[in-house]
There are 2 protein chains.
Amino acid sequence: MIMNTQFKKGVLELCVLVILDKKDCYGYEMVDEISQSISISEGTIYPLLKRLKKEGLLSSYLKESSDGPPRKYYRLTDSGKEKKEKLVGEWETFSKGVNNLLNSKNEELKEANDE
Amino acid sequence: MIMNTQFKKGVLELCVLVILDKKDCYGYEMVDEISQSISISEGTIYPLLKRLKKEGLLSSYLKESSDGPPRKYYRLTDSGKEKKEKLVGEWETFSKGVNNLLNSKNEELKEANDE
DNA sequence: TATAGTACCTTGCATTATAGAATACCTTGT
DNA sequence: ACAAGGTATTCTATAATGCAAGGTACTATA
């Protein structure tokens, strides 16, 4: 899936928080989850998870796996849940604003061109 | 209007192209136009316009003004129009993907939690 | 003269996604 | 035992991009 890199900035953080709000996940698993909707690579998710943990939005714990090295599961903290709510709201406002520009520009500009 | 900076990455280019597809504009004017939907500052728009012109998506011409210095109007080139169409499509795919993650996650995860 | 509004431009900074490479574990085939 | 490949984590270096902060210059008003 080819996708505009720039669009993703900041949104991936939102996606990670939303997914972790539903269930605990490890990084490799999250790449799969998110990839169903947005293209993403491992080199992106691990630094992101590390950053979010450092900011106190996530906690983590290790769990052994039957087929590979142990998995590091991440869980939302309370502050992570707050942040998630905040980001979801911001995303809705933002995407509405963009769609506003994309669609409703036609009418407004008729007058502007009537000079 | 306070707004997540990261969400804007790449989207502002789309907004500029969409607006210029409707009518020619100068930078200062575009800040007003876009600000109705998304917060943006001058320090953002001028470098952006310069870059888009350099990439051949925009052409520009000067026009005198009665109340201030001459205005530099920008106009979409053919290649700019192509780029605009492409970006609009990418935005729609992308925002659908994000909303997908935000909303339809509930059902899919019931099974996942049934272990 | 001074102030404010319009309009443009540049520099430097912070943020973030990504590719690429390294490490380590397990399973399967030879 | 060995190699190959999939799973899983991590780090480094790089490229984009938005923005604040500053500057220039023109016009109108007080």
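Naming: A, B, ... by sequence-line order, numbering from 1 per chain. Since this is a predicted model, take the numbers as computed values, not measurements.
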N/O-N/O pairs, protein side and nucleotides 27-30 of chain D side, under 3.5 Å:
unit_1: D:dT27; atom_1: O3'; unit_2: B:Ser66; atom_2: O; d: 3.1

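Residue B:Tyr46 has its side chain nearest to C:dC9 when only C:dC9, C:dT15, C:dT6 are considered. In the set C:dT10, D:dA8, D:dC19, D:dC19 carries the atom at the smallest distance from any side-chain atom of B:Ile40. Picking from D:dT17, C:dC8, C:dA17 the nucleotide with the shortest atom distance to the side chain of B:Lys9 gives D:dT17. Of the candidate nucleotides C:dT10, C:dA7, D:dT9, C:dA7 has the atom lying nearest to any side-chain atom of B:Tyr28. Listed nucleotides: D:dC19, C:dT16, C:dA7. Nearest to the side chain of B:Lys8: D:dC19. Checking D:dT17, D:dC11, D:dT9 against the side-chain heavy atoms of A:Lys50 singles out D:dC11 as nearest. Candidate nucleotides C:dC8, D:dA20, D:dT9 were compared by shortest atom distance to the side chain of A:Lys72, and D:dT9 ranks first.
Spacing between atom CD1 of A:Ile34 and atom P of C:dT18 amounts to 10 Å, rounded to whole angstrom units. Straight-line distance from the NZ atom of B:Lys54 to the P atom of C:dC9: 15 Å, rounded to whole Å. In this structure, the CD atom of A:Gln6 is 13 Å from the P atom of D:dC19, given to the nearest Å. Per the geometry, CG belonging to B:Leu52 stands 13 Å off C1' belonging to D:dA16, to the nearest Å. A:Lys63 has its NZ atom 13 Å from the P atom of D:dT9, to the nearest Å. The distance from atom CE of A:Met30 to atom P of D:dT9 is 9 Å, rounded to the nearest whole Å. When the C1' atom of C:dA7 is taken as reference, atom CG of B:Asp32 falls 12 Å away, rounded to whole Å. Taking atom CG of A:Leu62 as the reference point, atom P of C:dC25 lies 13 Å away to the nearest angstrom.
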**Message:** I'd like to know whether A:Lys53 forms a side chain to side chain donor-acceptor pair (under 3.5 Å) with A:Ser59, so could you lay out the CA-CA distance, the side-chain angles of the two residues, the decisive distance to 0.1 Å, and finally the verdict.
**Reply:** CA-CA 6 Å; A:Lys53 189 180 174 187; A:Ser59 60; over 6 Å; no
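Side-chain to base pairing of B:Glu42 with C:dC8: one donor and one acceptor N or O lie within less than 3.5 Å of each other.
Just one residue in the list A:Asp78, A:Leu52, A:Leu20 forms a side-chain contact (heavy atoms from CB on, under 4.5 Å) with A:Leu57, and that residue is A:Leu52.
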Going by atom type alone, with no hydrogens or angles, which donor-acceptor pairs under 3.5 Å involve a side-chain atom of residues 7-14 of chain B and a protein atom two or more places apart or on another chain?
unit_1: B:Lys8; atom_1: NZ; unit_2: B:Ser39; atom_2: O; d: 3.0
unit_1: B:Lys8; atom_1: NZ; unit_2: B:Ser39; atom_2: OG; d: 3.2
unit_1: B:Glu13; atom_1: OE1; unit_2: B:Arg51; atom_2: NH2; d: 2.4

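Along DNA chain D, the nucleotide nearest B:Glu55 and the nucleotide nearest A:Arg71 are compared for position; the residue whose nucleotide lies closer to the 5' end is A:Arg71. Mapping B:Pro70 and B:Thr44 onto DNA chain D by nearest heavy atom places B:Thr44 at the nucleotide closer to the 5' end.
With rounding to the nearest 0.5 Å, the separation of CD1 in B:Ile45 from CD in B:Glu29 is 10.5 Å. Residue B:Leu102 holds its CG atom at 11.5 Å from OG of B:Ser95, rounded to the nearest 0.5 Å.
In this structure, B:Lys23 and B:Glu33 have side chains that are in contact, with non-hydrogen atoms separated by less than 4.5 Å. At a threshold of 4.5 Å between non-hydrogen side-chain atoms, the residues B:Leu62 and B:Arg71 do not count as touching.
Proximity of A:Ser41 to the phosphate of C:dA19: a side-chain N or O atom is located under 4.0 Å from OP1 or OP2.
If you check every strand for non-hydrogen atoms under 4.0 Å, B:Gly43 touches a base.
Cation-pi geometry between B:Lys63 and B:Tyr73 is met: under 6.0 angstrom from the ring centre, within 45 degrees of the axis.
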